[in-house]
Amino acid sequence: MEGAGSGDGVKPRTATWLDKHRPMYDRATRHPFIRSIRDGAVDFASFKRWLAQDYIFVKEFVPFVASVLLNSCRQSDDTSDMEIILGGVASLSDELSWFKTEASRWDVELTGVSPLKANIEYCRFLESFSSAEIDYTVAITTFWAIETVYQDSFSFCIQSGSKTPKELLGTCQRWGSDEFKQYCQSLQKIVDRCLEKAPIDVVEKAEEAFVRVLEHEFDFWNMSSSEH
Ligand SMILES: Cc1ncc(CN)c(N)n1
């Protein structure tokens, strides 16, 4: 059986999941660490821990996104997905440079830092996508979810009423910008299109991956705000 379509007045699958898993989604995107940035009370030691740990994560994220790109190239002759994902790969080069610049600004050492438990577990989850057996729909769903949690979290820190410290505005802009939002929306459209055509077992696996991302993101914020 195939999934419900978006062109027939039926809610797109991702919107259904965002409703169904709203408490978990809010836990991931409105975490106390994010709220503390928004209300200006952030502990800078936590921010620095996040910075060093996220650099490690992004280095692992590169092969993950590359595997999604490869998967999309094998998928079809239509190059539109590939072009969007390729844009994501390209922006990771900028992102890694940004981490290095930001780390030196904050006097944060990036080399020789050990990943903390939640980071190790999240990176292990990413690694599990390197297998050629992974369904494109599940991989692209995971990619969309990872990017969207950051987009939603950091845009919350620059929305009206926020008291984000000026030193952190650049960080929040990086993922909270309209440009990044549009990119996430392009990924979401790909995901919904794939889910419409996917058999039910693939839809279930993709939903499971979506929930796993929310859990990992929540744990990642926890790890950043306290040393565990
Ligand atoms: C943990 C985490 N999640 C998402 C992103 C956004 N690429 C990130 N840099 N780090």
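Whatever order the structure lists them in is the order used to number ligands and atoms, beginning at 1.
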Structural part of Asp54 in contact with ligand 1, heavy atom criterion under 4.0 angstrom
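Side chain only; the backbone of Asp54 stays clear of ligand 1.
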Test of understanding: given a 4.0 Å heavy-atom threshold, classify the contact between Val149 and ligand 1 as side chain, backbone, both, or neither.
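Looking at Val149 and ligand 1, no heavy atom falls under 4.0 Å.
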Distance-only donor-acceptor hits, side chain of residues 86-95, under 3.5 Å, sequence neighbours excluded:
from: Ser91; atom 1: OG; to: Gly88; atom 2: O; distance (Å): 2.9

In one Ile/Leu/Val/Met/Phe/Trp/Tyr side-chain cluster, 4.5 Å: Tyr55, Ile120
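They do not share one cluster, since no chain of ILVMFWY contacts under 4.5 Å joins Tyr55 to Ile120.
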So which protein heavy atom does atom 5 (C) of ligand 1 come closest to, and at what separation?
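Here the nearest protein heavy atom works out to Tyr150 CD2, 3.4 Å.
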Nearest-neighbour protein heavy atom for atom 3 (N) of ligand 1, which is reported as residue plus atom name and distance:
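Result for atom 3 (N) of ligand 1: Glu217 OE2, 2.7 Å.
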Which of the numbered atoms in ligand 1 are under 4.0 angstrom from any heavy atom belonging to [X]?
{"X": "Ile146", "answer": "3 (N), 4 (C)"}
{"X": "Glu95", "answer": "7 (N), 9 (N)"}
{"X": "Val58", "answer": "9 (N)"}
{"X": "Glu147", "answer": "6 (C), 7 (N)"}

Rounded to the nearest 0.5 Å, how far apart are CD1 of Ile140 and OH of Tyr136?
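OH of Tyr136 is found 4.0 Å from CD1 of Ile140.
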Test: Asp152 and Arg30 ion pair at under 4.0 Å:
yes
Short N-O contact, Arg124 and Glu127, less than 4.0 angstrom
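Looking at Arg124 and Glu127, the cut-off is not met.
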Ignoring hydrogens and geometry, is there a side-chain-to-backbone donor-acceptor pair from Asn119 to Gln53 under 3.5 Å?
yes
